[in-house]
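Residue numbering restarts at 1 for every chain, and letters A, B, ... go by the order of the sequence lines. From a predicted model like this one, the values you see are computed outputs, not experimental measurements.
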2 protein chains.
Amino acid sequence: MKMEKDKTDKKDHILDVAERVFAEQGYDGASTRMISGGAGVNMAMLNYYFGSKEGVFLAIFDRRISNFQAVLLSIGNDESINSWEKLDKYLDNYIDKVVTNSCFHIMLNREISKSKKTDLTDQITDIMMKNVNVFLNIISEGIRKGDFNKDADQQLLVATIFGTKNYIINTPHISSKVLGYDVLDTDVQNNLLKPRFKKYMKTLLKAYLQNENDNNK
Amino acid sequence: MKMEKDKTDKKDHILDVAERVFAEQGYDGASTRMISGGAGVNMAMLNYYFGSKEGVFLAIFDRRISNFQAVLLSIGNDESINSWEKLDKYLDNYIDKVVTNSCFHIMLNREISKSKKTDLTDQITDIMMKNVNVFLNIISEGIRKGDFNKDADQQLLVATIFGTKNYIINTPHISSKVLGYDVLDTDVQNNLLKPRFKKYMKTLLKAYLQNENDNNK
DNA sequence: TTTTATTAATCAATCGATTAATTAGTTTTG
DNA sequence: CAAAACTAATTAATCGATTGATTAATAAAA
């Protein structure tokens, strides 16, 4: 048997670099020469390992999504906690993940933001809809149980949750100027951005979803 | 003097097509042959009129932004109305414009969502920051005057306003699935999306910015 | 006639992908 | 155990296609 460890490490390293280059330059803007050059491997290795440029792109996906979605799904299905607690847990986990893997989500959202439908946009849409549906279920369940305001616009609330996240992560040049610090800096993300973002999002949702009569929750 | 009318019409037509192609394919994904072919003109005309591919891109900008930003700025500087009314007017005008010119904003946001800084990202950042600053001024003024909750996170509110818009407009495949109708369809935009979006945004902001003691505004 | 607009043909550069040749690593065989 | 045989990994060179841009020639307009 061959040295499986080294090979996996090497493939992982290539995907790390590719993820960053795709985020920096976009899928079309990134060339296989940039990626292979950045990873310090021969260009032909990309095709040897992943078949094609698109194969590299999809391999980055496989590496990130499965575990992530499983966690969110388990929160949505947890019957031991109420709707408000589900919302809290969902936000905590979601914000942690997307901020930490910002390169991946920049890459992801750039490729879905083409108005033209392609196989790739369809695939990305399916992936993202899973996270959206978990969130929608939490909200609709909360409304059904009377925990949340029944007049809330669930669908546009989705746009606010994921849109606010996208704005911070996917347009880092703007959000960094607005917020006053570099949102792509790891230390900033962990010490400043994540706690601030979580607190804000929960406050915002509480203000909007709270029933009008029970003002002191 | 030459027939200025026809020439302007032709240039405008090219920019119309280019705007759509850039939105569909992204800047790198769109070729000058797609644009010239779609507009029914010789490829060399693009360089003759606009100098280069990037020249076409920037020409699309010039056509859209100046008038738009002037309107928003005048709302921000209007001293005859209070903060809540400013917020309302800003949202009405902003949502109308960005939904109507969705192709432009898809194109715009795709190119700013590269983590790598370039001349182009800097230019787009400057343009977008103007709209952001008008909004920030309205919020901070409202807080200063005591109209809005002083504990509000102004900067993250920016992320919510523009992020929610981006989510609906820039990821149309997802938002169309979530909302249940095609957000790129003109009729849908005017009859369903715009009024719904405006109402939601105002309700959301009211819930978040309202001072805790005055519940009946 | 002079300026402006438009065309077809072509430029060098770069793209993703493939090739054939070579090295490294593992397994088989005498 | 070591030589041979085989498989996997890696390289440099190159493929045809496409990219944005330019040219020189022509047509239209002033």
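The distance between atom CG of B/Leu46 and atom C1' of C/dA5, rounded to the nearest whole Å, is 14 Å. Following rounding to the nearest Å, A/Asn42 (CG) and C/dA21 (P) show an atom-to-atom distance of 17 Å. Atom P of nucleotide C/dA5 and atom CE of B/Met45 are separated by 7 Å, given to the nearest angstrom. The distance between atom OH of A/Tyr48 and atom P of C/dT22, rounded to the nearest whole Å, is 18 Å. To the nearest angstrom, P of D/dA21 lies 13 Å from CZ of B/Phe50.
With a 6.0 Å cutoff to the six-membered ring centre and a 45° limit on the axis angle, B/Lys53 counts as a cation-pi contact of B/Tyr27.
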Contacts under 3.5 Å, N or O only, protein and nucleotides 13-17 of chain C:
from	atom 1	to	atom 2	distance (Å)
C/dG16	OP1	A/Ala30	O	3.2
C/dG16	OP1	A/Lys53	NZ	2.7
C/dG16	OP2	A/Thr32	N	2.9
C/dG16	OP2	A/Thr32	OG1	3.2
C/dG16	N7	A/Arg33	NH1	2.9
C/dG16	O6	A/Arg33	NH2	3.1
C/dA17	OP2	A/Lys53	N	2.9

Report each atom pair, protein N/O against N/O of nucleotides 23-27 of chain D, whose distance is under 3.5 angstrom.
none

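No donor-acceptor contact under 3.5 angstrom links the side chains of A/Thr160 and B/Thr160, judged on distance only.
Taken from OH in A/Tyr90 to CD1 in A/Ile95, the straight-line distance is 10.5 Å, to the nearest 0.5 Å. Note that CD of B/Glu19 and CG of B/Leu108 are 10.0 Å apart. Values are rounded to the nearest 0.5 Å. Atom CZ of residue A/Arg196 and atom OH of residue A/Tyr181 lie 4.0 Å apart, to the nearest 0.5 angstrom.
With B/Ser176 contributing its side chain and B/Val183 its backbone, the two residues share a donor-acceptor pair below 3.5 Å.
Distances shorter than 4.0 Å separate some side-chain N or O of B/Tyr49 from OP1 or OP2 on C/dT6. For the pair A/Lys10 and D/dA9, the criterion of a side-chain N or O lying under 4.0 Å from OP1 or OP2 is not met.
The aromatic ring centroids of A/Phe104 and A/Phe61 lie less than 6.0 Å from each other.
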May I have the list of side-chain donor-acceptor pairs in residues 124-135 of chain A shorter than 3.5 Å, sequence neighbours left out?
from	atom 1	to	atom 2	distance (Å)
A/Thr125	OG1	A/Thr121	O	2.6
A/Asn133	ND2	A/Met129	O	3.1

